K.L.:
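Have a look at this one.
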Amino acid sequence: MSHLDSFAERMTRKVARSTSRRSLLTLIGGAITGAATLPVLPVSRAQAQSHGGTPSGMAPQTTGNPQDPGDQTQCDYWRYCAIDGFLCSCCGGSASTCPPGTEMSPITWIGTCRNPADNRAYIISYNDCCGKSSCGNCLCNRNDGDRPMVRPQANNDINWCLGTESAIYNCSTAVILGVAVDEK
Amino acid sequence: MSHLDSFAERMTRKVARSTSRRSLLTLIGGAITGAATLPVLPVSRAQAQSHGGTPSGMAPQTTGNPQDPGDQTQCDYWRYCAIDGFLCSCCGGSASTCPPGTEMSPITWIGTCRNPADNRAYIISYNDCCGKSSCGNCLCNRNDGDRPMVRPQANNDINWCLGTESAIYNCSTAVILGVAVDEK
Amino acid sequence: MRRAASRIAIAMTIAALHVAAPAIAADYPQPLPEEPVPAVAVLPEKYPESWVFVHDLHFNSLPDGRVAVVDVAAENRNVKGQIPAAQFGNVLPATTRPEILVGETFFSRLTRGERTDVITIWDAKTLSPKGEIVLPGGKRGLFVTLKNSLQFTNNEKWALVFNFTPGSSVTVVDLDARKVLSDIDLPGCSLVYPTGPRGFTSLCADGTMTSIALDAAGRAGPTVTSKVFNDIDKDALFMSPAMVGRTAWFASFTGNIRGIDFSGAAARDLGMFEIAKPAGGDPEWRPGGWQVITADKAGLLYVLMNPHGKEGSHKDGGTEAWVIDPVKKALVRRIALKNHSVSIEATQQASPLLVASKPDGSLDVYDAATGAFQRTIVGVVHDPMTMTAAR
Amino acid sequence: MRRAASRIAIAMTIAALHVAAPAIAADYPQPLPEEPVPAVAVLPEKYPESWVFVHDLHFNSLPDGRVAVVDVAAENRNVKGQIPAAQFGNVLPATTRPEILVGETFFSRLTRGERTDVITIWDAKTLSPKGEIVLPGGKRGLFVTLKNSLQFTNNEKWALVFNFTPGSSVTVVDLDARKVLSDIDLPGCSLVYPTGPRGFTSLCADGTMTSIALDAAGRAGPTVTSKVFNDIDKDALFMSPAMVGRTAWFASFTGNIRGIDFSGAAARDLGMFEIAKPAGGDPEWRPGGWQVITADKAGLLYVLMNPHGKEGSHKDGGTEAWVIDPVKKALVRRIALKNHSVSIEATQQASPLLVASKPDGSLDVYDAATGAFQRTIVGVVHDPMTMTAAR
């Protein structure tokens, strides 16, 4: 458990950087520090029938950094291992930025995704972007590690536009919070 | 013009049966009694690319009356010669009835459709059904005789949910008002 | 500004009637009769048992969710009407009166502005709103629709609303008085399962469940927490059970079935049994989809099964419905579905139909007893997540 | 109700991290940096001329219309953001300040309840609402979006809103003071075309047009009605002209082009000319689609043409864009489109792009000078009715 403990520590420190996030975390009981394998956002199996969604047809968006490989408009981009919702990369944002005029949710569900370039496991924070209606582009859903609503912090069906000015869901990001295990 | 005059007379009498409709007609200046060839409701060429819409895939709905032939879920049903919008037959209503919980618009645009069974030309009133969101089924659009917004009473792009409690458009009906020319 | 009325008169010029004097077909001496306007359809107060409420999450416009009322037994005219269910709405048809409850959320400017959560009470016959109860606090839980987010208790006199902020709580609503009775904090637990004469149970993140009896004022009374029974890590229960009377049958991720008796003041675990796993899985058969388990009136269970079951496959939908007798704990029959399906629901007729919703929003209907395919109903909804058969 | 905090603690049990100590790739001694949250994109105050506002009527959810801001010249990241435009909304980007106006309509319960019509003022840089002007009377015209339903006048200090009840009127709005100045009845006439320094023109059902100069308080002043020039029965003008400076070029149903000079206090008819009709029509080439005519900065016109032109074909879209020089009154070039298209818009760059919207909501982009196809942009909107190039 020592690896996990140090992960939890890192997470706690990181989370503490954001007051609003922390206060929300208090509500859910510190959920983000544990049991946070691969939760994701509102599933619509009706639209993304095949596991991982269908190719978006969008023009490829890469970071240009070989250490961060892949196309951010596609469901198989490495950071999206636990995402569920419309990809903000297809909506005016990016993998780590909300589209203009939306608000990034302060509370978030997180996943652990392996970066195929450097083979590190990264903690990815799937912050929702809120305040405009369903983006409608690039629906992507992967349920590995998802658990039912009984464990909200691991459930991808929840609209995490909580603590935002508007609860309307627009799209989901996949922000790098750090590596999963402290390498020191 | 005598045929048309008698048509106009018939229409006026018919319209006068509905007080609320008449009061609205006053606003538009008696539009319904003239220049009312083939106006229809909000077009979405984006969805109904081919003229007349695409087959609905719905189970056929017929009146059972051989004098009123055809499938009311299909865009090519004879009464729909000037319709534009979602067919109420696919939404819980029928060709002449609004779906439950909607309100039929008192003002309407009308068309003249030939019934292939009795070869008569009928005046069809395309009343919109209002107060619930877009039905979403059986979009049908035929623009024969449609004219731009400059002539509202002949324009099918207008939301005719006017004078109703809510202006939200749900679907369109095609009600028989009478034959186009008095046969006496 | 005054504009000459003459303009209107000119506009009224008869443009083109395109109609010559019609030939009168000898076969039809009389024209079709005039039809009355306005004309609006009405529904029966008590819906036939072949009718199903199909909830449309409407992912492309979550603020504009709705529910379709569908007759799955009819040859045509299947869609009977629509009920709005805005923004991750819930639908709950009453059985004791001709009413349908919808939990929904609005913003004064559609996507921004003031938030208002309500229960709207719809008249079953007219599909018109007949009442509204505003829910305070802007905390109604918003997630992909689950039936146990809005439930009745107290013989349908009260409604229970599950809130999530992400703190959990339950709002108790008096439907007769049209007012909120109480708010009950529920840390660590989710959803509401009506329990006993006047109470509910919630499933908790530690694998237990907690039953709360309500007093006459809707306040929390005696509370009973069960032993740990839900192995969320290894074999979590799907949240939506099939109800047979007051007994709920939950499917688990790997394909076990657990019964919970909600008839008493505290929920009672009836234990779990395994569904025999026939060959043919790759890697194995597991339940898959959104609403994966349903029951008919005789108490048989139907479970939507996915041959490609593994970790993470639980929402992938399925290709067969397995019929299970929970009394004999036996797999009775397998129904091969025509299409990959998202959710299933059995109607409550003596000869039940099995309805399977598909990703394109259409429904496939099967004879539940024989598995014979009956019909496809297209144009029902956009995203058919849950279905609720009329009772 | 109090629940033991221990439940939460138990819920927090580390479930499964699935992560062993990672192998460190020798190529990348440092991990990717942490990324800041919250992070929200912003746009430039002044949009590049390759950006286009694509209005989404959203027919499957008319209450939830929106506008996509799209860079049609970029290789990727084409969608820059979305602006809500609820219920037959209108979008009007300002050119004198970094603002985008949206005319929209709300109901307090989405589809029912109290109606509120507003102009929302969006900040171009942040795409956040920075102001709202409530329009009285619940009369904002609701129809498939036409640009001339919401226009500026008075050097963009005022907005003009076209109302339809079905009586016609125009509401004059002071954008600086955020208040309504006046309502002007307009029986028999439709839409607003900014005219002169402070006024507008409306097209009338009798084939004339009426120009109204506004006084400093926004009240109707001198009014001039033109001769009949619009043969609505036989060859109606499409309502959305291409603007070249203050000159509007209207296409007619059969393919004629008419110029109207809106620079003076009263609109001036510049006469009509015919587009030569090449062979190949079946029965004939006619303009077809929703926004069928557009102009580039050099003043060339582009008209979306349908080879199957006839009565009733005017919204059927088209397969070619014909480039027309309105000064020479000549067909300069024909651009064969890759796909059947609904609407067209030229960007205002020196080397313009021609954007064609398709029924599936995607855009095809062409080099307007050569007609060379450049790219398809998918995932833009649902129902792309009108487009407005940044200026």
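Every chain is numbered from 1 and lettered A, B, ... according to where its sequence line falls, protein lines coming before strand lines. Treat the numbers as computed from the prediction; the structure is a model and nothing was measured.
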K.L.:
With B/Ser89, which residues qualify under side chain to side chain donor-acceptor pair (under 3.5 Å), at least two apart?
P.N.:
B/Tyr80

K.L.:
Let me know if C/Gln82 has heavy atoms under 4.5 Å from chain B in its side chain, its backbone, both or neither.
P.N.:
both

K.L.:
Could you measure the distance from the CD atom of C/Glu35 to the CD1 atom of B/Ile124? Nearest 0.5 Å is fine.
P.N.:
7.5 Å

K.L.:
Is B/Cys138 in contact with chain C via its backbone, its side chain, both, or neither, using a 4.5 Å heavy-atom distance?
P.N.:
neither

K.L.:
Measuring heavy-atom distances to chain B, does C/Arg66 have an atom under 4.5 Å in its side chain, in its backbone, in both, or in neither?
P.N.:
side chain

K.L.:
Quick one: are B/Asn65 and C/Leu32 in side-chain contact, heavy atoms under 4.5 Å?
P.N.:
yes

K.L.:
Could you tell me whether the side chain of C/Pro84 reaches within less than 4.5 Å of the side chain of B/Lys132, counting heavy atoms only?
P.N.:
yes

K.L.:
Atom SG in B/Cys90, atom CZ in C/Arg77: separation rounded to 0.5 Å?
P.N.:
10.5 Å

K.L.:
Can you pull out the residues in residues 111-122 of chain C with any heavy atom less than 4.5 Å from chain B?
P.N.:
C/Trp122

K.L.:
By a 4.5 Å heavy-atom criterion (distance strictly below it), what part of C/Pro129 contacts chain B: side chain, backbone, both, or neither?
P.N.:
neither

K.L.:
Please report the interatomic distance CD(B/Gln67) to CG(C/Asp27), rounded to the nearest 0.5 Å.
P.N.:
9.0 Å

K.L.:
Considering only heavy atoms, which portion of B/Pro100 lies under 4.5 Å from any heavy atom of chain C: side chain, backbone, both, or neither?
P.N.:
both

